[in-house]
Amino acid sequence: MPSFTIDGQEIKAEPGEKILWAALRSGIDIPHLCAIQGVEPPFGGCRLCLVEVEVGGQREMVTACSEPVREQMKVYTHTEKVERMRRVAFELIMSDHHIDCKNCAKKNDCNLIKLASSLKVPLRPKSLRSLARDLPIDDSHPLFTYDPRKCVKCGKCVFTCQSLGKSFLDFAHRGFEMMVTTFDHLPLASIVCEACLDCVKVCPTGALYMKETGGIDHG
Ligand code: SF4
Ligand code: SF4
Ligand code: FES
């Protein structure tokens with residue numbers, strides 16, 4: 001069982017365990033958005049879980065959700081460099097986010113609001129102009145709604161659907177155009193999905209939400 005330190009605190013980890021899960025299990029919070037425990041390889045898309053590690057006198061930046069613990073590793077979660085890079089990562093995520101919390105179904109349980117608070121940054125990036133796209137809301141399904149303008153491309157819905165042996169949701173396009181959608185952009189109501197709703201449950205934003213929670217903002 002490897003032993004290592006996080007911010008000077010000695011931690012025991014399972015062999016091969018990633019820094020993020022060992023930290024959370026030990027009550028040490030590291031910001032994260034896209035990580036799903038047990039999904040291999042980790043997606044590593046949000047970059048919010050950056051930490052600095054030191055092994056054999058060498059320091060480097062790694063993502064805690066993808067870096068396995070190593071014996072004698074020293075992990076630093078709050079260096080000035082780590083906090084600066086996390087803030088940049090968060091600003092990039094929010095730069096194309098349609099921020100309209102008062103009309104959002106997740107306004108009382110939004111991971112982005114929690115992250116902004118823990119990173120001590122505003123939700124709306126000050127240094128970047130808004131790149132939010134005017135993508136159409138898919139309100140066709142009787143149970144849930146998909147608002148792609150609030151999707152942060154964390155992939156949680158995609159990987160959750162795939163882990164159940166399905167692929168009703170997937171990434172389409174690349175770069176700035178990248179989005180989560182159905183095959184051929186078909187309306188949700190037309191896909192033959194069992195509506196297990198696990199994708200809705202894992203979505204950390206107001207992109208996928210139950211109709212009963214309301215919050216459709218067509219503006
Ligand atoms: S997901 Fe909704 S509540 Fe969260 S920041 Fe975006 S608009 Fe606000
Ligand atoms: S719809 Fe939700 S869970 Fe899926 S990628 Fe977008 S933000 Fe993540
Ligand atoms: S949680 Fe590690 S990169 Fe997103």
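Start at 1 and go down the list; that is how both ligands and their atoms are numbered. Since this is a predicted model, take the numbers as computed values, not measurements.
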Just jot down the ligand 3 atoms closer than 4.0 angstrom to any heavy atom of [X], in number order.
X	value
Cys46	1 (S), 3 (S), 4 (Fe)
Leu33	1 (S)
Ala35	1 (S)
His32	1 (S)

What is the closest protein heavy atom to [atom], and at what distance does it sit?
atom	answer
atom 8 (Fe) of ligand 2	Cys154 SG, 2.3 Å
atom 5 (S) of ligand 2	Gly155 N, 3.2 Å
atom 3 (S) of ligand 3	Arg47 N, 3.3 Å
atom 7 (S) of ligand 1	Asp100 N, 3.4 Å
atom 2 (Fe) of ligand 2	Cys203 SG, 2.4 Å
atom 6 (Fe) of ligand 2	Cys151 SG, 2.3 Å

Evaluation steps, salt bridge (Lys or Arg N to Asp or Glu O under 4.0 Å), between Lys114 and Asp29
CA-CA 12 Å; Lys114 290 175 197 161; Asp29 188 38; over 6 Å; no
Say whether Pro204 and ligand 2 are in contact under the criterion: heavy-atom distance to a ligand atom below 4.0 Å.
yes
Has Cys157 got an N/O/S atom less than 2.8 Å from atom 2 (Fe) of ligand 2?
no
Side chain to side chain contact (heavy atoms under 4.5 Å, CB included) for Val55 and Glu60? Distances and angles first, verdict last.
CA-CA 9 Å; Val55 183; Glu60 61 175 330; 5.9 Å; no
Looking only at non-hydrogen atoms, find the nearest pair between Cys101 and Leu123 and report the distance.
SG-CD1, 3.6 Å
Decide yes or no on salt bridge (Lys or Arg N to Asp or Glu O under 4.0 Å) for Arg87 and Glu91, but give the supporting numbers first.
CA-CA 6 Å; Arg87 284 196 293 270; Glu91 286 194 347; over 6 Å; no
Applying side chain to side chain contact (heavy atoms under 4.5 Å, CB included), run through Met61 and Glu67 and close with a yes or a no.
CA-CA 10 Å; Met61 299 289 290; Glu67 186 71 15; over 6 Å; no
Would you kindly confirm whether Leu131 and Phe171 end up in one hydrophobic cluster when ILVMFWY residues are joined by side chain heavy atoms under 4.5 Å apart?
no
For the hydrophobic clusters of this structure (ILVMFWY residues joined by side-chain heavy atoms under 4.5 Å, transitively), does one cluster hold both Ile36 and Leu115?
no
Give me the one residue out of Leu169, Val180, Leu135, Ile137 that meets side chain to side chain contact (heavy atoms under 4.5 Å, CB included) with Tyr146.
Val180
Under 4.5 Å between any side-chain heavy atoms of Arg133 and Phe176, yes or no?
yes
For residues Leu208 and Phe144, determine if any side-chain heavy atom of one lies less than 4.5 Å from a side-chain heavy atom of the other.
yes
Donor-acceptor pair, side chain of Ser140 and main chain of Leu188, under 3.5 angstrom
yes
Which atoms of ligand 2 sit under 4.0 Å from any heavy atom of [X]?
X	answer
Val180	5 (S)
Leu208	1 (S)
Val152	6 (Fe), 7 (S)

Using the ring of each side chain (for Trp, its six-membered ring), is His185 parallel, tilted or perpendicular to His173, with breaks at 30° and 60°?
parallel
Nearby protein N/O/S atoms (those under 2.8 Å) for atom 4 (Fe) of ligand 1, with water ignored:
Cys110 SG
Work out the angle at atom 2 (Fe) of ligand 3 between SG of Cys49 and SG of Cys65, rounded to 10°.
100°
Non-neighbouring partners of Glu71 that pass salt bridge (charged side-chain N to carboxylate O under 4.0 Å, His left out), sequence neighbours left out:
none
Does this structure show an ion pair linking Lys211 with Asp139, if we count only N-O contacts that are shorter than 4.0 Å?
yes
